[in-house]
Amino acid sequence: MGMGKTIQSIALLLAEPRGKPNLIIAPTVALMQWQKEIEIHTNNGLSVALFYGANRQMNADALIQYDVVLTTYAVLESVFRKQTSGFNRKEGNVKEKSLLHSLDCHNSFFNVELLKPIQRFGAEGEGRTAFNKLHKFLQHIMLRRTKVQKADDLGLPPRVVEVRRDFFNEEEEDLYESLYSESKRKFNSYVDNDVLLNNYANVFTLITRMRQMADHPDLVLKRHLGLGKNTLVCKICDDEAQDAIESRCHHVYCRLCIQEYIESAAAFTAHPDCPICHVPLNIDLTAPALDVLDEENYRKGSILNRIDMSKWRSSTKIEALVEELYKLKSKDSMIKSIVFSQFTSFLELIEWRLRRAGFGTVKLDGHMTPQARAASINHFMTGPTVEVFLVSLKAGGVALNLTEASQVFIMDPWWNPSVEWQSGDRVHRIGQTRPVKITRLVIENSIESRIIELQMKKENMIRSTIDADEAALNRLSTTDLQFLFNS
Ligand SMILES: [Zn+2]
Ligand SMILES: [Zn+2]
């Protein structure tokens, strides 16, 4: 990320002109950015077709007129599937068929030579041989660099990470303590009765509620009841599901929420239960997102409509952010910031508060179309009065290029510290000229400070023993849970 892939690829397209069209596959959130960068850096010298959404009606004859065709992995996969099944029915033309055939060959090479041995033997014996093959194969087709290797070459400005620690006010403390003691009581009764595994989904939900309480009590007290028509509520975060996917038992979750759940449960079982109906969970984490709600329904579901905002009170966490932003503004009114949270309702409360404090804001959340996202990003990058960009972690915010900002605020700690590192990469990349500062906001004596302590403990342990195993950071063992609930 931020290593100049886009610019390098554009240079390659220009330096070695080849037959039309060139296919570029990118994450949805990055599509419009690719289109824009190609326009800027080639002076509109390359024609670009966006093969996405309504534009998917374009046929091969139309696409071939363009220098570059931009699409996403999900679109590519669904088109491929459709064609393959289509051919079975009515025998397509020979040329396209041979292309599909060669893709099938790759598929069997992938399955037989790589996937199966690795699944069966791991990194040992035949599995190791398969890993070596994969490594050789990727060397020829993949360009990959890590920032550590290249940071000096890129001449990037310094980057610091800081933790700001605040304490609950009295009212928040009371609310939090009652939630905490109730959660602790439940957790300990699961342990005492030896039914922790059966109740893992409940335990995970308890932790999520405590994390939300540390952000703002309303996230727990004014939870989404999901009674409205056509609303898909994720029962893990109790918000409108973002980047929503559905389990086989027809329950809907945010992709990120259910992924965190599965990863953390891996300490106990590879097959945790569905948090709603408790049958063994069967869900495809790579499935395309379900159709998003229309704008109107989405707005109706907003937390701002569930609260009487005339009587609303802010939270310690939000006020800590406001204070940080005021400090920045008084030093340099041109500084721009990005604010990340995992909880969409929290971003809405933050936005409401910041606007009243006189900050220009723009928001990126998971239900936006690529065009709407591009407009938000553009507004932030070019609008002189837009100072704060609020980004939902569920909106694929990790693929953005936001070098206009130099300050990052991470409002809630995440299980996986590498996600945090990646969020910093949104601003710490080619084009950045100012020093970058990343601030993590943490409430002391809450689940948040324990999560951070747990992360540090694990990281030290993992680094000192074997090669870094990222998955281990996400898993929550019984000991980890004991630490979170009982220390
Ligand atoms: Zn969720
Ligand atoms: Zn279910």
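In each ligand, atom 1 is the first atom listed, and ligand 1 is the first ligand listed. Along the sequence shown, the residues carry numbers beginning at 1. Everything quoted here is computed from the prediction, not taken from an experiment.
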> Short question: side chain of Arg450, backbone of Leu484 - any donor-acceptor pair under 3.5 Å?
Replying inline: yes
> Which protein N, O or S atoms lie under 2.8 Å from the Zn ion (ligand 2), given by chain and residue number?
Replying inline: Cys249 SG, His251 ND1, Cys274 SG, Cys277 SG
>> Suppose we screen for salt bridge (Lys or Arg N to Asp or Glu O under 4.0 Å). Which residues come up paired with Lys186, at least two apart in sequence or across chains?
In response: none
>> Is a donor from one side chain sitting under 3.5 angstrom from an acceptor on the other, for Gln432 and Thr403?
In response: no
>> Please tell me whether Ser477 and Asp480 have a donor and an acceptor in their side chains that are separated by less than 3.5 angstrom.
In response: yes
>> Tell me how many protein N, O or S atoms are within a distance shorter than 2.8 Å of the Zn ion (ligand 1).
In response: 4
>> Using 30° and 60° as the class boundaries, would you call the ring planes of Phe204 and Tyr261 parallel, tilted or perpendicular?
In response: perpendicular
> Backbone N or O of Leu285 within a donor-acceptor pair of the Arg255 side chain at under 3.5 Å?
Replying inline: yes
>> Please check this pair: side chain of Tyr253 against backbone of Gln242, looking for a donor-acceptor N/O pair closer than 3.5 Å.
In response: no
> With under 30° as parallel and over 60° as perpendicular, where do the rings of Phe168 and Tyr176 fit, or are they tilted in between?
Replying inline: tilted
>> According to ring-ring contact (aromatic ring centres under 6.0 Å, His included), who are the partners of Tyr326, at least two apart in sequence or on a separate chain?
In response: Phe359
